[in-house]
Amino acid sequence: MPLNKEERMEKVDPYEPCPCGSEKNFKYCCYQQARIRRNSSINLKEYTNSRLNHEASKNWDNTDFKVCLGFDPEECRPLIKSAHAIQNNGILNRISENGHVYTISSKLSKKAMDADFKKVSKNKASTFFGFCDYHDTELFKPIEHEEYTGDPIQNFLFAFRGFCLEYHRKIRKMNSIRNIFKSYPQAMLNPSSINLYRIAEFDLSDSKTGYEAFKEVYTNGNFEDLVTLNRSLNYEVEVAISSAFAVKDDLLGKEINNIFGRETEIIPYICINIFPVQNQTTIILSYHKKYEKVYKEYFEQIKALTDSQLEKYLNFLTINYTENVFFSPRLIDVMSEREKNSLLKSFESSMQFDKRLELLKEDQFFKFNLFQQQKRQA
């Protein structure tokens, strides 16, 4: 009998495509090897934390691939660029110091995942192999060469570029899991491993649906189909963010999406961009209007926030849900050690519930301010 919904989260049906990605049925692909090696496991005692991180980094590097996510393949040029999801010269340059910015890097240990600040070149920050030279240059001209005015096509392009970075990462995350299954087929009989695989499946399916929605908007030229909330602050922040994610709860604690389960066909994305311009900060939040039932009330709640309330909420939203966040060294340097620790641990808590409980107990849950104003040198 086919597996029911609950069983599928922890088991692989013998007649479904093998999780290794071969497209053969599991029964006729990796099933026998998984059974043979069922009782063998990786002895983590033999791994140092350094080796764990090396293996994880190597696995992730091996998942990278080149593709153009531009909408018209006939316009593509052969060269796939290392494209910036966040504009290099116009945005990253404003928050960089000596050509560098900070991001949050995750490190594995035998006990958990730990976060730390990592300094990276602004030329490599927020890059991915997602567009050919033609589309990276031509498609994004309205936001690369024109000042942001809130025009619908600009809102569309900011949202689309951040979304494409996340789509590319979702494919890589799936490939990373498949690579592990190929090396350790016994993991395909492990409920926890299959649960991670199912989540990656859902994420990838949602991303494919989201991409088709963007393509439909672009093809029809109906850029107003992307519902956008934009706000401006009268100072420059020292962070830059471009991402896409699904929100679990609204501002009143009411569940919007069951992101840890699966009760709907799709969990739709919200796209966010936050970046400094001359003496101001631009905040752009977007979703497709076909998901108004999910997000309309939530956006109304955000719209009603004062600037200070919005800053506090975005503090939480960006660190809890996004990874494509870059900080100016000026911001990190003025933070106290207590604030830095709260920022890193709050980031960890988005994936480890026990860390959240620790922070709440210590009154250090999101006790930092990404939106504090800095005096810039002329």
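We number each residue from 1, following the sequence as shown. Quick caveat: nothing in here was measured; it's all calculated off a predicted structure.
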May I ask you to say whether [X] pairs ionically with [Y], meaning some side-chain N is under 4.0 Å from a carboxylate O?
X	Y	value
E255	K248	yes
E212	K290	no
E292	K289	no
E300	K303	no
K170	D203	no
K173	E166	no
E201	R198	yes
D13	R8	no
E358	K345	no
K141	E146	no

Looking only at the side chains, is there a donor atom on one of [X] and [Y] sitting less than 3.5 Å from an acceptor on the other?
X	Y	answer
N89	R94	no
T63	S176	no
Q301	D250	yes

Does [X] reach the side chain of [Y], with side-chain heavy atoms less than 4.5 Å apart?
X	Y	result
I80	V67	no
N93	S96	yes
F214	L226	yes
Q32	K27	no
V120	V101	yes
N279	E236	yes

Indicate yes or no for a side-chain donor-acceptor contact from T219 to the backbone of E216 under 3.5 Å, with no hydrogens or angles considered.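 No, because the side chain of T219 does not come within donor-acceptor range (under 3.5 Å) of the backbone of E216.
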Can you hop from Y134 to L139 via hydrophobic side chains spaced under 4.5 Å?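 No; tracing contacts between hydrophobic side chains, which count when under 4.5 Å, never links both residues.
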F316 vs F365 aromatic rings, parallel, tilted or perpendicular, using cut-offs 30° and 60°?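 Taking F365 first and then F316, their aromatic rings stand perpendicular (interplane angle over 60°).
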Quick one: are the ring centres of [X] and [Y] less than 6.0 Å apart?
X	Y	result
F368	F366	yes
F131	F140	yes
F71	H135	no

Among S243, S126, S242, which residue meets the side chain to side chain contact (heavy atoms under 4.5 Å, CB included) test with L165?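 Answer after filtering S243, S126, S242: S126.
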When K122 is tested against each of N88, N98, I91 for side chain to side chain contact (heavy atoms under 4.5 Å, CB included), which residue passes?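 Exactly one option meets the side chain to side chain contact (heavy atoms under 4.5 Å, CB included) with K122, and it is N88.
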For the ring pair (Phe, Tyr, Trp, His ring centres under 6.0 Å) test, which of F245, F163, Y211 pairs with Y269?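 Exactly one option meets the ring pair (Phe, Tyr, Trp, His ring centres under 6.0 Å) with Y269, and it is F163.
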Candidate pair Y295 and I270, rule side chain to side chain contact (heavy atoms under 4.5 Å, CB included), full reasoning: CA-CA 9 Å; Y295 286 129; I270 284 174; 3.5 Å; yes
What's the separation between atom [atom1] in [X] and atom [atom2] in [Y], rounded to the nearest 0.5 Å?
X	Y	atom1	atom2	result
E147	Q278	CD	CD	10.0 Å
L189	Q33	CG	CD	11.5 Å
Q364	S342	CD	OG	5.0 Å

When you measure from the centre of the six-membered ring of F129, is the NZ or CZ of K66 under 6.0 Å away and within 45° of the axis?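 Ring-cation test returns yes.
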Give the intermediate values and the outcome of ring-ring contact (aromatic ring centres under 6.0 Å, His included) for residues F26 and Y15. CA-CA 6 Å; F26 179 45; Y15 295 98; over 10 Å; no
